[in-house]
Participant: 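The structure is given below, and queries will be raised subsequently.
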Amino acid sequence: MRFSKLFGKTLRQAPAEADSISHQLLVRAGMVDQIATGVYSYLPSGWRTLRKIERIVRQEMDRAGGQELSMPSLQPVELWDLSGRHEAFGKTLFTFKDRKEHTLVLGPTHEEVVTELVHRHLQSYKELPLLLYQIQNKFRDEPRPRGGLLRVREFIMKDLYSFDADLAGLDRSYKKMIEAYNNIYRRCGLPAVMVEADSGAIGGKDSHEFMLIAETGEDEIIRCHNCGYTANAEKAEVRKTPSAAEEPLPIQEISTPGVTSIADLARLLNMPESKTLKAVMYMADGNHVLSVIRGDMDVNEVKLKNMLKCADLRMATDEDLKGTGIVAGYASPVGLKGVKVVADESIMMGNNFVAGANRRDTHLKNVNYPRDFQIDIMGDIARAKAGHECPRCGHVFLTSRGIEVGHVFKLGTFLSEKLGAYFLDENGEQRPCIMGCYGIGLGRLLAAAVEQNHDEKGIIWPLPIAPHQVYLCPLFLDNTEVASEVERVYNEMVKQGIEVLYDDRVESAGIKFNDADLLGLPIRVTVSPRTLKSKSAEFKLRAKGESELVPLGEIANRVKQEIAAAADT
RNA sequence: CGGGGCGUAGCGCAGUCUGGUUAGCGCGCCACGUUCGGGACGUGGAGGCCGGUGGUUCGAAUCCACUCGCCCCGACCA
């Protein structure tokens, strides 16, 4: 490819609306273009990278026994009513009416369609396990697209759906996919960390996410470096250590003017935060719910939501608090009536707590459960943090940030039952398929790759997914010797099947080198009067500082050697 | 949906508060010339419905109303 003919120019400055680093660099490198909020075109070099990722994904899906198919993006809304997910998805679902006033959905995912498909075509257990996948555009009217390609409304996704006869089969399919996913990320040069994840209200038992570690990631990952336990902070278990037990003392009011936070309270009373109780009011599907947890921990809203089995959960506003008897900053379950109370187990690990008094500027000392207040539900609603102890081995947790680049679920049978994906087993009995689903957002993976692999000059592509492998960079192209030698090198590389971007512009060294760094192609080969003095070209890796001179006759082989080395990892 | 910000040339911006010739600047683009191993320079050019609609006014990029779009924070994101 000749640079002068490549559609998609490099930009010195990123558009003002590009905020995330990957968005800025992908736009500046001429790889993507935004047409509306969360809607992007892939320009030729961006599309090349996307297709390289896609190819690796496809190969691994096929290798794991997947069969590729294509399913419609236009889906009848009835399918979504049947599965019950029309409501669950809510406004995220793009819907519209056709000319006959019939409502259609732009598919945000294809579980419904694939289950319907299986319903019609699957008959016997002998056809199981069945692994079907597609690589297609999906549509979600996200409340807030953001971060360039990281969260968009139209995106290319690989989704595989597994159908098994029994739970053991599902486990096998699930394991196979995890293996395939690890292969994919490794082959892309983007090693991802698998973490335990929340499966959401509709998910089944197990769920794992694959995270690309990056400073800018929006997910927090909990890691134990001792036993290897890793989980999304939303999901992570927490070991709660009991504080020393004391004789319960009589409850006592104390004056705490202006003290509305746990930190201030602990400081004022000169006691650890674990001696306090934290109470936070939420609205769950419109109903008041008071959460109570020991003061040294925070409420994990995902866990709380799962426990309440509610569709909508948000923190209560001052308006919501009116008439409940709760006073913001001094909230407490003590003496509270008519409000559902959910508590974390940690409130049983300790006693003589300081809690709010539901009165301004007042707290209560020596509050003990269950002596002083009652609760409706007890469970784990704590959010894991760095410094907490690992529930498996007791080692101290570390945290890092990551970008979710894959998600696998064990779905179970709720969809196959609703949509009728049954089969006949050995005994002639009708049973629902046990399903799993396994997704990778290709565009997000591409963006995450940039988010993770860049420097102040530009992108640093891992070789397997770089749009081109080589940036061929002649200097002083108006010099006839340079022109003829570089042309020869270019033709030789093309002949050898090397993917080379040939910068055939008559531009200064600075411009070319800066564009080379911005585009981030893994190998840069420079030909100039200087290198030609020793009948050589300069060979340099984007990821490394040093360069070497390689004789012109050997440069193509040197490049091939490098490519082969990257393919082995 | 709540809060904040922004729409002027392909990109980055000034001009708007305080209305008044032909709407500017840098980068990029085109032509010619001199340079050039880390974003050189000269000369000459092309490029604008000042997001849209309606109003106020002798006169609107500028004031008012409505509207559309984009970005950020939050809510949300099976």
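Proteins come first, then strands; the chains are lettered A, B, ... in the order of their sequence lines, and each starts at number 1. Model, not experiment: these values are computed from the prediction.
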Participant: May I have the distance from A/Leu519 (atom CG) to B/G39 (atom P), rounded to whole angstrom?
Facilitator: 17 Å
Participant: Who pairs with A/Tyr502 by ring pair (Phe, Tyr, Trp, His ring centres under 6.0 Å), at least two apart in sequence or on another chain?
Facilitator: A/Tyr490
Participant: Roughly how far apart, to the nearest Å, are B/C36 and B/G48 at atom C1'?
Facilitator: 34 Å
Participant: Please tabulate, one pair per line, each protein N/O and nucleotide N/O from nucleotides 67-75 of chain B that are separated by under 3.5 Å, including the distance.
Facilitator:
{"unit_1": "B/C70", "atom_1": "OP1", "unit_2": "A/Thr37", "atom_2": "N", "d": "2.6"}
{"unit_1": "B/C70", "atom_1": "OP1", "unit_2": "A/Thr37", "atom_2": "OG1", "d": "3.0"}
{"unit_1": "B/C70", "atom_1": "OP2", "unit_2": "A/Thr37", "atom_2": "OG1", "d": "3.2"}
{"unit_1": "B/C70", "atom_1": "O5'", "unit_2": "A/Thr37", "atom_2": "OG1", "d": "2.9"}
{"unit_1": "B/C71", "atom_1": "OP1", "unit_2": "A/Gln34", "atom_2": "NE2", "d": "2.8"}
{"unit_1": "B/C71", "atom_1": "OP2", "unit_2": "A/Thr37", "atom_2": "OG1", "d": "2.8"}
{"unit_1": "B/C73", "atom_1": "OP2", "unit_2": "A/Arg144", "atom_2": "NH1", "d": "2.9"}
{"unit_1": "B/C73", "atom_1": "OP2", "unit_2": "A/Arg144", "atom_2": "NH2", "d": "2.5"}

Participant: Quick test of your reading: applying ring-ring contact (aromatic ring centres under 6.0 Å, His included), list the pairs with at least one residue in residues 25-46 of chain A, sequence neighbours left out, ordered by first then second residue.
Facilitator: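 Sorted result for residues 25-46 of chain A: A/His23-A/Tyr40, A/Tyr42-A/Trp47.
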Participant: Between A/Glu220 and A/Arg383, is the closest basic N to carboxylate O distance under 4.0 Å?
Facilitator: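 So A/Arg383 pairs with A/Glu220 through a salt bridge.
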Participant: Out of A/Val57, A/Leu190, A/Val405, which one pairs with A/Ile184 under the side-chain contact (heavy atoms from CB on, under 4.5 Å) rule?
Facilitator: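 The option that passes is A/Val57.
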Participant: What interatomic distance, in whole Å, is found between C1' of B/A61 and the corresponding atom of B/A9?
Facilitator: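 Here B/A9 and B/A61 have their C1' atoms 14 Å from each other.
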Participant: List in numerical order all residues of residues 435-452 of chain A for which some heavy atom is under 4.0 Å away from an atom belonging to RNA chain B.
Facilitator: none
Participant: Say we look at B/G44 and B/U57: how far apart would their C1' atoms be, to the nearest angstrom?
Facilitator: 41 Å
Participant: For the P atoms, the ones on B/G2 and on B/U67, what distance do you get once it is rounded to whole angstrom?
Facilitator: 13 Å
Participant: Checking side-chain polar atoms at under 3.5 Å, does A/Asp515 have a donor or acceptor matched by the opposite partner on A/Thr10?
Facilitator: yes
Participant: If the condition is side-chain contact (heavy atoms from CB on, under 4.5 Å), which residues does A/Pro145 pass it with, not counting sequence neighbours?
Facilitator: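 With neighbours one apart ignored, the set is A/Thr37, A/Glu142, A/Arg153.
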Participant: Could you pull out all residues at least two apart from A/Leu104 that satisfy side-chain contact (heavy atoms from CB on, under 4.5 Å)?
Facilitator: A/Phe96, A/Asp98, A/His102
Participant: Using the side-chain hydrogen bond (donor to acceptor under 3.5 Å, both in side chains) criterion, which residues pair with A/Arg2? Sequence neighbours excluded.
Facilitator: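 Listed in chain order: A/Glu487.
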Participant: Using the test side-chain hydrogen bond (donor to acceptor under 3.5 Å, both in side chains), find all partners of A/Lys278 that sit at least two apart in sequence or belong to another chain.
Facilitator: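 So A/Lys278 forms a side-chain hydrogen bond (donor to acceptor under 3.5 Å, both in side chains) with A/Asp298.
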Participant: With RNA chain B as reference, determine whether A/Ala14 or A/Gly510 sits nearer its 5' end, using the nearest nucleotide of each.
Facilitator: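 Nearest nucleotide further toward 5': that of A/Ala14.
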Participant: Considering only nitrogen or oxygen atoms on both sides, find all protein atoms under 3.5 Å from nucleotides 26-32 of chain B and state each distance.
Facilitator:
{"unit_1": "B/G26", "atom_1": "N2", "unit_2": "A/Gln13", "atom_2": "OE1", "d": "3.4"}
{"unit_1": "B/G28", "atom_1": "OP1", "unit_2": "A/Arg12", "atom_2": "NH2", "d": "3.4"}

Participant: Would you please test A/Lys138 and A/Glu154 for side chain to side chain contact (heavy atoms under 4.5 Å, CB included) and show each step?
Facilitator: CA-CA 6 Å; A/Lys138 313 230 172 182; A/Glu154 174 176 357; over 6 Å; no
Participant: Looking at B/G54, which nucleotide sits across from it as a Watson-Crick or G-U wobble partner, both distances under 3.5 angstrom, or is there none?
Facilitator: B/C64
Participant: In whole angstrom, what separates A/Glu209's CD from B/A78's P?
Facilitator: 10 Å
Participant: Give the rounded distance in Å between these two atoms: NZ of A/Lys91 and P of B/C76.
Facilitator: 14 Å
Participant: Whole-Å distance between B/A78 C1' and A/Glu404 CD?
Facilitator: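 Rounded to the whole Å, the gap is 12 Å.
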Participant: Strictly under 3.5 Å: I want the nitrogen or oxygen pairs between protein and nucleotides 43-48 of chain B, one per line.
Facilitator:
none

Participant: Across all strands, who's sitting opposite B/G74 as a Watson-Crick or G-U wobble pair, both distances under 3.5 Å?
Facilitator: B/C1
Participant: Write down the partner of B/G48 under the Watson-Crick or G-U wobble criteria, each distance required to be under 3.5 Å.
Facilitator: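 Across any shown strand, B/G48 pairs with none.
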Participant: Which of these nucleotides, B/A78, B/C11, B/G38, is closest to any side-chain atom of A/Asp517?
Facilitator: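 Ranking B/A78, B/C11, B/G38 by closest atom to the A/Asp517 side chain puts B/G38 first.
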Participant: Would you mind classifying the nucleic acid contact of A/Lys305 as base, sugar-phosphate or nothing, using non-hydrogen atoms under 4.0 angstrom?
Facilitator: sugar-phosphate
Participant: May I have the distance from A/Lys512 (atom NZ) to B/A40 (atom C1'), rounded to whole angstrom?
Facilitator: 15 Å
Participant: Could you check which nucleotide pairs with B/C41 in any of the strands shown, counting Watson-Crick or G-U wobble with both distances under 3.5 Å?
Facilitator: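 Looking at the geometry, B/C41 pairs with B/G33.
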Participant: Expressed in angstrom and rounded to an integer, what is the separation of A/Asp478 atom CG from B/U34 atom C1'?
Facilitator: 12 Å
Participant: Would you kindly say whether A/Glu112 and A/Ser83 are connected by a side-chain donor-acceptor distance under 3.5 Å?
Facilitator: yes
Participant: Rounded to the Å, how far apart are A/Lys138 NZ and B/C77 C1'?
Facilitator: 16 Å
Participant: Within the structure provided, determine whether A/Tyr161 and A/Leu411 are in side-chain contact (heavy-atom separation under 4.5 Å).
Facilitator: no
Participant: Roughly how far apart, to the nearest Å, are B/A60 and B/A23 at atom C1'?
Facilitator: 13 Å
Participant: Which comes earlier along RNA chain B counting from the 5' end, the contact point of A/Val527 or that of A/Thr92, where each point is its nearest nucleotide?
Facilitator: A/Val527
Participant: Please state how far atom CZ in A/Arg140 lies from atom C1' in B/A78, giving the value in whole angstrom units.
Facilitator: 8 Å
Participant: Just to verify, what does A/Asn479 make a side-chain contact (heavy atoms from CB on, under 4.5 Å) with, not counting sequence neighbours?
Facilitator: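 Partners of A/Asn479 under the side-chain contact (heavy atoms from CB on, under 4.5 Å) test: A/Phe476, A/Glu481, A/Val482, A/Pro529.
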Participant: What residues form a side-chain contact (heavy atoms from CB on, under 4.5 Å) with A/Ala483, not counting sequence neighbours?
Facilitator: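 For A/Ala483, the residues satisfying side-chain contact (heavy atoms from CB on, under 4.5 Å) (neighbours in sequence not counted) are A/Leu477.
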Participant: Is the distance between the ring centroids of A/Phe409 and A/His407 under 6.0 Å?
Facilitator: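 Here the rings of A/His407 and A/Phe409 have centres that are less than 6.0 Å from each other.
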Participant: Remember a base hit wins even if backbone is also touched, and classify A/Asp219 as base, sugar-phosphate or nothing at under 4.0 Å, heavy atoms.
Facilitator: nothing
Participant: Does CZ belonging to A/Arg314 count more than 12 external heavy atoms closer than 6.0 Å?
Facilitator: yes
Participant: Whether A/Ser508 contacts B/A40 is assessed here as follows: a side-chain N or O lying under 4.0 Å from the phosphate OP1 or OP2. Is that the case?
Facilitator: yes
Participant: Which base, if any, makes a Watson-Crick or G-U wobble pair with B/C25, both distances under 3.5 Å?
Facilitator: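 Looking at the geometry, B/C25 pairs with B/G12.
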